[in-house]
Participant: 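Take a look at the following structure, please.
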Amino acid sequence: MNGSRILVVDDDPSIRKVTSEMLEHLAYVVTSVSSGAEALDILAEQQFDLVLLDVAMPHMTGTEVYARMLESWPEQRVVFMTGYSAQVLDVPESSKVGLLAKPFSMKALSQAIEAVTA
């Protein structure tokens with residue numbers, strides 16, 4: 001999947017920067033945005049192989065973004081990122097959906113991506 005396009009959605013600029021750098025090191029093409037609204041806008045214009053989506057964001061949570069994504073892009077693969085270890089996601093069980101606990105290593109990031117794209 002290297003060379004694939006990944007959209008990083010996180011309201012924290014430092015998380016976006018570090019995650020993007022890790023992904024670029026793993027040879028992915030990365031675009032990052034700071035909100036769910038921006039994510040939905042860019043998904044309407046471009047295709048991504050995977051979306052890395054923060055769960056806890058202001059204005060629109062990651063699960064709210066995901067619900068809207070499913071309406072237009074039901075096959076979109078998503079890895080939710082969360083800093084809350086006990087976070088329960090209200091999303092359907094799917095092989096296209098993964099979970100990544102923050103903070104994460106490059107190895108954990110790579111494994112999370114492989115789990116939903118294999």
Participant: Please report the interatomic distance CG(L50) to OH(Y28), rounded to the nearest 0.5 Å.
Facilitator: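 Separation between the atoms: 8.0 Å.
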Participant: Atom NE2 of H59 and atom CD of E64: how far apart are they, to the nearest 0.5 Å?
Facilitator: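 H59 NE2 to E64 CD: 11.5 Å, rounded to 0.5 Å.
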Participant: For T63 versus F80, what's the shortest heavy-atom pair and its separation?
Facilitator: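 For T63 versus F80, the nearest heavy atoms are N-CE2, 4.1 Å.
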Participant: Please name the pair of heavy atoms, one in V116 and one in G98, separated by the smallest distance, quoted to 0.1 Å.
Facilitator: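 Scanning both residues completely, I find the closest heavy atoms to be CG1-N, 3.4 Å.
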Participant: Considering all heavy atoms of both residues, which atom of M69 and which atom of V51 are nearest to each other, and what is their separation?
Facilitator: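 Answer, listing the atom of M69 first, then V51: CE-CG2, 4.0 Å.
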Participant: According to side-chain hydrogen bond (donor to acceptor under 3.5 Å, both in side chains), who are the partners of E21, at least two apart in sequence or on a separate chain?
Facilitator: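 Testing E21 for side-chain hydrogen bond (donor to acceptor under 3.5 Å, both in side chains), a comparison that skips the adjacent residues, returns K17.
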Participant: Give, for atom CG of L43 and atom CH2 of W73, the distance between the pair rounded to the nearest 0.5 Å.
Facilitator: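 Here the interatomic distance stands at 5.0 Å.
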Participant: Answer yes or no: is there a side-chain heavy-atom contact under 4.5 Å between V55 and T61?
Facilitator: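 A side-chain contact is absent here, since even the closest heavy-atom pair is not under 4.5 Å.
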Participant: Of all residues at least two apart in sequence or in a different chain, which pass the side-chain contact (heavy atoms from CB on, under 4.5 Å) check with V18?
Facilitator: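 Listed in chain order: M22.
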Participant: What's the spacing between L7 CG and D49 CG if we round to 0.5 Å?
Facilitator: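 Reported value, rounded in 0.5 Å steps: 11.0 Å.
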Participant: Compare every heavy atom of R16 with every heavy atom of V33, then report the nearest pair and how far apart it is.
Facilitator: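 It is O-CD, 3.1 Å.
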Participant: Identify, with sequence neighbours excluded, every residue that meets side-chain hydrogen bond (donor to acceptor under 3.5 Å, both in side chains) alongside Q46.
Facilitator: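 Per chain and number, Q46 pairs via side-chain hydrogen bond (donor to acceptor under 3.5 Å, both in side chains) with R5.
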Participant: Quick one: side-chain hydrogen bond (donor to acceptor under 3.5 Å, both in side chains) partners of S20, sequence neighbours excluded?
Facilitator: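 So S20 forms no side-chain hydrogen bond (donor to acceptor under 3.5 Å, both in side chains) with any residue.
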Participant: Test: side-chain hydrogen bond (donor to acceptor under 3.5 Å, both in side chains). Region: residues 29-44. Which pairs qualify, not counting sequence neighbours?
Facilitator: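 Found S34-E38, S35-E38.
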Participant: Quick one: pull up OG1 in T19 and CG in L100 and give me the separation to the nearest 0.5 Å.
Facilitator: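 Separation between the atoms: 8.0 Å.
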Participant: Would you be so kind as to tabulate the donor-acceptor pairs closer than 3.5 Å made by side chains of residues 102-110, with sequence neighbours excluded?
Facilitator:
{"from": "K102", "atom 1": "NZ", "to": "D10", "atom 2": "OD2", "distance (Å)": "2.7"}
{"from": "K102", "atom 1": "NZ", "to": "D54", "atom 2": "OD1", "distance (Å)": "3.0"}
{"from": "S105", "atom 1": "OG", "to": "K107", "atom 2": "N", "distance (Å)": "3.4"}
{"from": "S105", "atom 1": "OG", "to": "A108", "atom 2": "N", "distance (Å)": "3.0"}
{"from": "S110", "atom 1": "OG", "to": "E114", "atom 2": "OE2", "distance (Å)": "3.3"}

Participant: How long is the gap from CD on Q47 to CD on E75, to the nearest 0.5 Å?
Facilitator: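 The distance works out to 12.0 Å.
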